[in-house]
Amino acid sequence: MNRPHVVVINTGGTIAMRAEEGKGVVPTNKLPFSALLPYLERHARITMDDYLNIPSPHMTPHHMLDVARRVRAAVARDDVHGVVITHGTDTLEETAFLLDLVVKTDKPIVVTGAMRASDELGADGPVNLLAAVRVAAHPDSRGKGVLVVFNDEIHAARYVTKTHSANVATFQSPLHGPVGTVTHTDIFYHHAPLVREHFPVDTLAENVALVKAAAGTDDFFLQACADRGVDGVVIEALGLGNLPPAMVPGVRRLLTARIPVVLVSRCYNGMVLPVYGYEGGGRQLDELGVILSSGRLNGQKARIKLMVALPLSRDMNRLREWFRR
Ligand code: ASP
């Protein structure tokens, strides 16, 4: 039988962890996937690439770029049909979105993980990995960008986010919903992501800060960013894209230093717009030169996009154009 060939790149996370007496849930010396191979091999020929075994809070932009290089190398091979990446769930959406932006291919790239450790009752890792391999091997998964498969749902990397700290149904795409469903017998797509972007980079601007606004916050963190000379700053603003007035001096200082400032909303639905004209309002920030992200990206995804965009251009107009999509 001519089965599709799927490369599984393992990076760690709870899917690869076990509970150890007196230590809590920790990475294992031996990845727990070999027992699953007979099940995975029913759907595809599997090559395991045990790249990392780290918790995803230990994942850095440097690691993410390495994963991207491995994915590029795998999809460049004629005999490879698709790629699966196993990953801790905490930063899974960031790696998935980075891959979506920097790897250009129509071959399926699927990211998955687990909320329960591999030795826990009701562990979701095995079923998520099996579903991810089935999606990566499926012809309908081609040309859909990077996908996140979790709890029998297929999500677009661009919109998916971790919404619950413990529930196995944690990955959701607010406003957009999943793009497909995994059933016992088949895989169904009901949407296709319309926005596909590609940034042909092999380096990242790693020093991009993420700052959150709240009632009464001042510019302490923005001033610290300016002191440090960061590459860029993403601010999770209030509502439609507004900041407390005490944050504005920090914004002005960053812009004067030609450090790009990108604004997203801390609301998990909707985008930012230049509507309010009061001190700190989105309209004033837009006039100052802040880049309003209309792409409905959350803060952590906008940070990834700025990291990817800056090595290509520091021109504010170009950056503004890229964040309008
Ligand atoms: N803290 C774990 C990690 O991200 C959570 C998980 O994998 O679900 O590595």
Side-chain angles (χ1 to χ4, degrees), residues 8-36 40 48-68 70-71 83-100 109-133 135-136 146-174 178 182 204 206 210 268 298-301 303-304 307:
V8 179
I9 303 174
N10 295 309
T11 72
T14 298
I15 192 169
M17 294 187 196
R18 293 174 68 90
E20 283 195 16
E21 193 61 39
K23 287 193 186 163
V25 176
V26 285
T28 53
N29 289 333
K30 200 171 164 294
L31 291 173
F33 303 130
S34 48
L36 304 177
L40 307 180
M48 287 281 178
D49 172 8
D50 295 339
Y51 163 52
L52 285 174
N53 187 9
I54 59 170
S56 76
H58 296 196
M59 189 63 78
T60 63
H62 172 79
H63 292 130
M64 292 179 185
L65 205 52
D66 264 355
V67 176
R70 291 176 113 84
V71 173
V83 178
V84 169
I85 298 104
T86 62
H87 200 290
T89 58
D90 290 352
T91 62
L92 185 152
E93 65 193 85
E94 282 146 276
T95 299
F97 187 48
L98 178 101
L99 295 174
D100 197 43
I109 301 170
V110 181
V111 191
T112 194
M115 293 300 283
R116 297 187 186 133
S118 61
D119 57 346
E120 218 175 316
L121 209 57
D124 53 335
V127 77
N128 283 343
L129 181 55
L130 181 64
V133 165
V135 170
V146 173
L147 301 167
V148 170
V149 169
F150 224 91
N151 198 38
D152 285 343
E153 290 182 347
I154 311 171
H155 291 264
R158 187 178 190 86
Y159 300 118
V160 75
T161 191
K162 184 174 181 178
T163 63
H164 195 290
S165 57
N167 197 298
V168 294
T170 185
F171 282 99
Q172 304 291 330
S173 302
V182 179
L204 297 175
E206 294 195 10
L210 176 58
Y268 66 88
N298 63 23
Q300 55 271 30
K301 297 248 180 89
R303 175 173 170 266
I304 294 289
M307 284 180 172

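Values below: every heavy atom of this structure, side chains too, minus hydrogens, waters and symmetry copies. First listed ligand is number 1; within each ligand, the first listed atom is number 1.
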Legend entry - Ser118 side-chain N/O to Ile15 backbone N/O, donor-acceptor pair under 3.5 Å: no

Inset, instruction - Give a yes or no on whether the backbone of Gly113 and the side-chain of Asn128 come within a donor-acceptor separation of less than 3.5 Å. - result: yes

Legend entry - Side-chain donor/acceptor of Glu94 to backbone N/O of Ile304, under 3.5 Å: no

Inset, instruction - Check for a donor-acceptor pair, side chain of Asn151 on one end and backbone N or O of Glu153 on the other, with a separation under 3.5 Å. - result: no

Inset, instruction - Please answer whether the main-chain N or O of Thr163 pairs with a side-chain N or O of Thr170 as donor and acceptor at a distance below 3.5 Å. - result: yes

Legend entry - atom 5 (C) of ligand 1: the protein heavy-atom neighbour that sits closest, reported with distance to 0.1 Å: Thr14 OG1, 3.1 Å

Inset, instruction - Mark up the atoms of ligand 1 that fall under 4.0 Å of a heavy atom belonging to Pro57, in ascending order. - result: 3 (C), 4 (O), 9 (O)

Legend entry - atom 1 (N) of ligand 1: nearest protein contact (heavy atom, Å): Asp90 OD2, 2.8 Å

Legend entry - Polar atom proximity, Ala114 to ligand 1 (N or O, under 3.5 Å): yes

Legend entry - Distance filter under 4.0 Å to Pro55 heavy atoms, resulting ligand 1 atoms: 9 (O)

Legend entry - Distance from atom 9 (O) of ligand 1 to nearest protein heavy atom, with residue and atom: Ser56 N, 2.7 Å

Legend entry - Taking atom 8 (O) of ligand 1 as the reference point, the nearest protein heavy atom with its distance: Thr89 OG1, 2.4 Å

Inset, instruction - Check the pair Thr161, Gln300 against side-chain contact (heavy atoms from CB on, under 4.5 Å), reporting the backbone distance first and the verdict last. - result: CA-CA 10 Å; Thr161 191; Gln300 55 271 30; 3.9 Å; yes

Legend entry - Test item: Ser56 side-chain N/O and Asp90 main-chain N/O as donor-acceptor pair under 3.5 Å: yes

Inset, instruction - May I ask you to list the atoms of ligand 1 that are less than 4.0 angstrom from any heavy atom of Gly13? - result: 7 (O), 9 (O)

Legend entry - Sub-3.5 Å N/O-N/O distance, Lys162 and ligand 1: no

